[in-house]
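Okay, structure first, notes after.
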Amino acid sequence: MPERGRLARLMRSEGVWLFSRSPAAILAAIVTVLIVAGALMAPWIAPTNPYDLASFSLFDGLLPPAWEEGGDPRFLLGTDDQGRDMLSAILYGARLSLSIAAMAMAVALVLGVGLGLAAGYLGGRFDAVVMRIADVQLALPAILTALLIDGISRGLLPRDLHDDLRIAVITLAIALSLWVNFARTARASVFVERQKDYVQAAIMMGQHPLRIMARHILPNIVGPLLVIATVDLASAILLEATLSFLGVGLPADSPSLGTLIRIGMQYLLSGEWWILWMPTVFLVVLVVAINLLGDFLRDLFNPSLR
Amino acid sequence: MFNRKIPAAAMALSTTVLLALPAAAETFRWAGTTDPQTMDPHAVNATPVLSFLNNVYEGLVRRGPDMSVQPSLATSWEALPDGAGWRFNLREGVTFHDGSAFDADDVLFSYERGVSEPSDVRSWFASVTDVVRVNDYAVDFLTSAPNPLFPGSIANFMIMDEGWATENGAALPAREAETHATRNANGTGPFMLDARDPGIETRLVPHEAWWDTAEHNLTEAVFTPIGNPATGLAALLSGEIDFISPIPLQDVEQVEQRDGFKVLAGLETRVIMLGFGHDHEALKYSEETTDENPFLDPRVRLAVAKAIDVETIDRVIMRGAAEPASQLLPEGLSGYSEEHSERPEFDPEAARALLEEAGYSDGFSFGLMCPNDRYINDEAVCRAVASMLARIGIDANVNAMPVRGYWDELRAGNFDMYLLGWSPGTFDAEHPVRFLAHTPTERLGTWNFGGYSNERIDALLAPIQSEVDPVARQVMLDEVAGILQEEVAYVPLYTQPLIWAMKENVDVVQRPDNFFMLRWVTVN
Amino acid sequence: MVGFILKRLVQSVFVMLAVAFLAFSLFRFVGDPISQMTGVETSLEDQARLREDLGLNDPYFVQFARFTGDMLRGDFGYSFRTREPIGEMLLSRLPATLELGVVALLVSLVVGIPAGVYTALRPRGILSQTILVGTLIGVSIPTFVIGILLIFLFGVQLGWLPTFGRGGTVEIGWWRSSLFTAEGWRSLVLPALTLGLFQLTLTMRLVRAQMMEVMRTDHIRFAIARGVPWRSIRYRHALSNTMIPVITIIGLQFGGVIAFSIVTESVFQWPGMGLLFLESIRFVDIPVMSVYLVVIAFFFVLINLLVDLLYVAIDPRLRVRESV
Amino acid sequence: MLKVDGLSVLFRHRHGATTAVEDVSLDVARGEIHGLVGESGAGKSTIGAAVMGLLPAAGEITSGALTLGDTDLRALSAVEAHRLRGKRISMIFQDPQTSLNPLMTVEAQLVETLLAHEDISVDEARARAIALLDEIGIADAATRIRAWPHQFSGGMRQRVVIALALCTNPELIIADEPTTALDVAVQAQVLDLIRRLATKRGVGFILITHDIGVIAQVSDRVTVLRGGRVVEQGPTARVLGQPGQPYTKALMAAVPPLDRRLDRFRLPRVEGEREVPGSADAAREAEDWLMAGTGTGPGPALEMSDVTVRFRGERRGIFGARENFTALDTVSLSVRPGTVMGLVGESGSGKSTLAKVVAALVRPAEGEMRLDGAVLPPMGARRRSDPSRRIVQMVFQDPYSSLNSRHRVIDILGEPLWLYGLERDAGRRARLARAMLALVGLDATAAERHPHQFSGGQRQRIAVARALLSRPGLLLCDEPTSALDVSIQAQILNLLKDLQARFGLTTLFISHDLAVVRQMSEDIAVLKDGRLVETGPSETFFAGPAAQYSRDLLAQTPAVRFGMEAG
């Protein structure tokens, strides 16, 4: 009975009602779900597998989209310089970008909320140390973190792990430059919740600090963190693209959206407009949708705005 | 769309330039991807630096538009009896930019500076035992063995004024801290250094008292580095700069169609090739065959050569601007072996057969290491090679990385196959043999990462270097080229194109060594 | 108060040391500087000797101690690539980055705040929705794509603005500024716009959220009940209360501006510290990289401190002593 | 002057619309103070907002006429209505802390309001503002005017708010709970000020409050509201003296009398409303469980000797050094086992701090505490496993923040049982929790719901249940009912009285309301600025307090002096 109850309660809840009233949020949600679904099912719905080098040939290079003259029906959105089908490359790329962004978000969430929660709750020296670490992290631009991790991991790990290492490097680099947001938000929310009576009661009863943080405070600060999460998911995807632009990104033979855009940049003026604009438009639509969802969540969790 | 510019054509252009009298005087603004890191001619032996400084300093000899060796600060030179060295007769009446006179002392001083420890150009004088001052205007370079190509090999050895250098504490190139010569210059060349803002802008003005007649009509030349290719192209198309090199291959067509601009597409003296790990017992990046190295079998290497369709790579990736290569140096350079100018033709079936014959019918996977920002479209070529090899069953996983870490990885042997481009400094066939084919030692074979070794080739290097008779020298070079082709030590792919873009009213001379000489530039 | 500043400065020393340590541990992994400093034909023996001369073979901590020792004495060492003193290099590049950062921030404030106020006061308006979604699209396109597009549109197609570099600069002592000539401003417009766009969206959203919250507070309802003119309610009462939390966040964002400047400077060939840092990575010029990061860390700490002081300065509740 | 005729207001929300106010009529003459009283949710504030034209977006006047003098308020355009606000009608809000713009000096806010309605010079406006502050009772007005709002105390700030409402000589001022946030002493002064302004300046007041004492003390006429409808209306003396309607009678009865002690609070029960009975046998199960734990003996004795608490003061301004603030100064107190000790004092007197010291939430600088003779370790020294963690339990003031809104009631109640190992088995824990809910008067279905689905009163019952589930000996109550309506307050206090009596819990009951303390406690202690002023049995205290401060405190507490006969 409780399961149906919870679902029923969710359906009637304030959030869903508000959601049904704002067209932008609905559109954003649909677009996001479509893109994520498309990306996740890439191996099944994409015409070819762009990571399998034998599946495309150089002869089909630089073909315009199918509807343009000179286009090839096999390649709906045309091909890139290598003869890779743009549609498949974008779907696989989106899958890679989204998985990297999601993994980076997860790491940043755990690291940031963990440290932020502890800093806010324990205060004093621990708080100062965490905040100074945050300063150090803010001072290091994402590109440097990527370089640092790439270098260290290349130095420590055996050679044959090097290529699938690159994805881990990028994920960690992005995560490291995002956790500070979560730490600061979590810390600020904990300061507020710590004064509330239900936390004072838990302290008085002698509950273990970890349990107080995890079971009592954390569920109550999920709201603002969720908002940061959606906004940062968008910036994580963009960051991956920028890192690729600066030459620290993913290898070219397993491209992410960012790598596709970097490759596309070389053809900006050379007439093959689709190599750049297809992935860029896809990225923009995805990021705008996620940001709109983030805005909606921010308004939902910010009671004063309702 | 492209007419293949062979060096001879460049010769034709230069003659017309000589006749046309310089018209209106102009400020000439040009850009490149990297800023020359120093103004000291002996500090760094790298093309961007030497090319720029060739406008400010001059050597005893210089190279003409067609790479021929011409007199410069030396009016003439003759070989000393029984190959003991060379005598150079110096030009009289030449003054440095600050007015001081040029004589033999400056040559001796520059030689001492060039072979000093902090200098980076010591390798040019490897065969020189001593330099003797004959009189004010004659100097002898004594070599340990006869060296027929010596004069040509010191074309970039630039002469500094002894007085200026010693007064300003620049007797030696900078070790750790910069010296006066790092940001200032006092040469005898056609242009003087007017202003130097490292990494931002460098300004040259003509040297009025230059000993040679000026063929250019420039009153001022300003160089600015532009790292991002797209921005560089925009700078040209917006008219803010008059000339830029290089521009991306894929933009050549657009620039040519736009009125007011033109493109000069020739060939650089750089051959792009694939190298193997000859001294690797086993593959390092293979998922399955981890106990042996298939590439040790020449048949497998030949299969690789036959599996790669250089024509298609040229058509799609290089837009037809490249030229298939058969050996370690491009056609037209001295010592090129006409005998072995046929490269293994593209035949995937034969390649698969060879693999079968060698016992690898079900193929294997390996690591292909490439730079992604060193040669034109290097990463794209690597990916193309990988997909072609995948067609015959051997899967390359491409690891493209920035060049800054690339040489480290190759030197550490972290590859199964690698991409390499080589441009011979002396524009002669001996150069690639000395650095790529010879067994690696302290001084020789320093870029032979795969550790390829062949006694015959090692034995032939010294004779080639000292053989005076060109015919005998060519026979030996042909033999070396034959062995390399026979054993498929490397798989040469193509000669890299050289793309310069400029405004319609700008005429320049494009030299295959990618040196940009201001003295041949006219803006009309 | 003085105690507060001292404590923060001591903490900043630790932050800079930590950044220096991280930056310095980089040099082992970014690549081999020697191969960038020498030519193609340099023998291995010469390369080994150069490596020894530069002390690159010393153990890691010896080099780090030497590096921090020199830094404390103000001797920032010499660039591996151009052998220039690094202090001088950074000093000559500092004005470009600072001026770009400040103008970008100004752009984001001058446009961001009014837009934030407008979208807060008319949340449902069509113009508000278009502004919100428009800036969102602007932020969703990677910075380098926007940069190139602006260059081609305004530089090549229309030819109104220069496509690269920093023209029309005027030397004032060691500070090279582009704020005093029309040409200087023309070359500043596009990079500042590219860098400022991200900040602009952030500022606008912050002001909007904070303004909507302030409009609900009791003292605003009381001001309305007193018949205070709407203009004064919005811009004197509401806006001033909105700006306090927004200013602190903008202060923190300035750090982001410096970090993002790396991309913008590389696209516009803007001769700032960001471009120098990127080139030092490309040519494995480790001393320049390390010193740049320490200087940037110093800026971060300084900005955080200034923001805290600013916060106290503009909020009377903290500034004036309680006296009852 | 103001005439409201048949006013009805509707609130639209996702499930349709609810009528907040229905067919209310009242009028306010010049100089008259018209009281609007009723429990929370009765629609008092909505009427005030409707008159001012400041209804929230979802609100809408569906019918009725609002006329001020000869102006029909409903016919005014938005611009005319705004110009009228402040000029002819002004409003005062409840919390002085947030009613003034913190970033503008008092002078700036006063001058701005004056210039908004009268075209006089700035100097003239400043002069009038200073005169007004003088009249309102702010000493040295000329210099104090340039001060910032945060430099005034609560009472002073409310005077500034009144000055702001008054400066443009409005005909009518709507005061929405003007004294609720103030201490008793300050409340009396503000009410006198309102009285003086009404008679001397002829300003009409609508005084909105839930405190019948305030109405009795100041208002000329009163309207009693319930569920948006007028229950009764007329001169205060008559309505409160001889209430015609049963609801008014019940409301009056629920106010705890100050003059004598009742054994139980009278519940304002009106026919047709049934008491929600907890299932009797479940309650008994909880009762037996509690009895088994605490045994029949009374709770532990609590002794506190020379307890002192110092807080590090906030850093004042850029250059101010930190001065320490002494919250408790050598307080010695003892609570006899099984009895209720009432702790009374104004806000800032340190009474909450005292409770927090006992609950180990605040670290005392000096002093010692003992429980039944055994040393009660203070904060920092009291390990989490110390038995006192279970014996000492606390019920907090704000019902809306004392329960974790993300947990279900069953989890909240189960926590102490699990924490102190009183009940290993999860199933029995759930049964016991449901039983305790019954004991505190809530039905078992409450277990599955979340706190935000309960009213303030119900949440306090859950808080009490949680405290009891630790089988406590000492119960600390920090103003448990001050945030509740009078009728709900009575139920909770009755609950506490019954449980305390039945289980012999030693209780420390903290409140600022002397009337409530008189009904609850056997002994009483009065705190002023962290020092113990007086302590002793309540009856002797209320007969005639020893300390002068206590006497003033007693005098200033608004009491319903209309000779109510015993309920």
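Please read all numbers here as calculations on a predicted model, not as lab measurements.
Checking side-chain atoms of N448(B) against main-chain N and O of G445(B) turns up no donor-acceptor pair under 3.5 Å.
Only the side chain of T182(B) comes within contact range of chain C, with at least one heavy atom under 4.5 Å from a heavy atom of that chain. Residue contact with chain B, scored on non-hydrogen atoms closer than 4.5 Å, involves the backbone of M37(C) exclusively. Heavy-atom distances place both the backbone and the side chain of E442(B) under 4.5 Å from chain C. Looking at F283(C), the atoms closer than 4.5 Å to chain B (heavy atoms on both sides) all sit in the side chain, from C-beta outward. If you measure heavy-atom distances from Q47(C) to chain B, the contacts under 4.5 Å come from the side chain alone. L275(C) does not touch chain B: none of its heavy atoms, backbone or side chain, sits under 4.5 Å away. With a 4.5 angstrom heavy-atom cutoff, D197(B) touches chain C only via side-chain atoms. When heavy atoms are compared at a cutoff of 4.5 Å, S266(C) approaches chain B solely by way of its backbone atoms N, CA, C and O. In this structure, chain B has heavy atoms under 4.5 Å from both the backbone and the side chain of R282(C). At a 4.5 Å heavy-atom cutoff, L50(B) makes no contact with chain C through either its backbone or its side chain. Proximity to chain B (any heavy atom under 4.5 Å) is shown, for F164(C), by both the backbone and the side chain. For chain C, the nearby parts of E117(B) are the backbone and the side chain; heavy atoms of each come within less than 4.5 Å.
Ranking L44(C), L276(C), L50(C) against chain B, the residue ahead of the rest is L44(C), based on heavy-atom pairs under 4.5 Å. The greatest number of non-hydrogen atom pairs below 4.5 Å with chain C, out of Y406(B), W447(B), W407(B), is found for W447(B). Of all the listed residues (T47(B), T38(B), I226(B)), the one sharing the greatest number of non-hydrogen pairs under 4.5 Å with chain C is I226(B). Contact tally against chain C (heavy-atom pairs below 4.5 Å) for G227(B), A234(B), G405(B), S123(B): the top residue is A234(B). In terms of heavy-atom pairs under 4.5 Å with chain B, the best-connected choice from I151(C), L278(C), D46(C) is D46(C). In terms of non-hydrogen atom pairs under 4.5 Å with chain C, the most contact-rich of A177(B), S423(B), A174(B), A46(B) is A177(B). The greatest number of non-hydrogen atom pairs below 4.5 Å with chain C, out of N228(B), D120(B), D35(B), is found for D120(B). Of the residues considered (Q157(C), M89(C), R93(C)), R93(C) shows the highest number of contacts with chain B, using heavy-atom pairs under 4.5 Å.
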Worksheet item: Going through the checks in order, is the ring pair (Phe, Tyr, Trp, His ring centres under 6.0 Å) test met by F157(B) and F125(B)?
Response: CA-CA 10 Å; F157(B) 165 49; F125(B) 306 104; 4.9 Å; yes
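Shown here is F64(C), whose CZ atom has more than 12 heavy atoms of other residues, nucleotides or ligands within 6.0 Å. Surrounding CZ of R51(C) are more than 12 heavy atoms belonging to other residues, nucleotides or ligands, all under 6.0 Å away.
R443(B) and E45(C) are joined by a salt bridge, as a carboxylate oxygen and a charged side-chain nitrogen come within less than 4.0 angstrom of each other. With salt bridges taken as basic N to acidic carboxylate O contacts below 4.0 Å, none links D428(B) and R434(B). Taking a cutoff of 4.0 Å between a charged side-chain nitrogen and a carboxylate oxygen, D242(B) and K503(B) qualify as a salt bridge. Under a 4.0 Å N-O distance rule, the pair R411(B)/E409(B) does not qualify as a salt bridge. A salt bridge links D40(B) to R113(B): one of the charged nitrogens lies within less than 4.0 Å of a carboxylate oxygen. Taking the charged nitrogens against the carboxylate oxygens, E176(B) and R83(C) have no contact shorter than 4.0 Å, which rules out a salt bridge.
Checked against a 6.0 Å centroid threshold, the rings of F67(C) and F21(C) do not count as neighbours. Close placement of the F277(C) and Y292(C) rings is indicated, their centers lying within 6.0 Å of each other.
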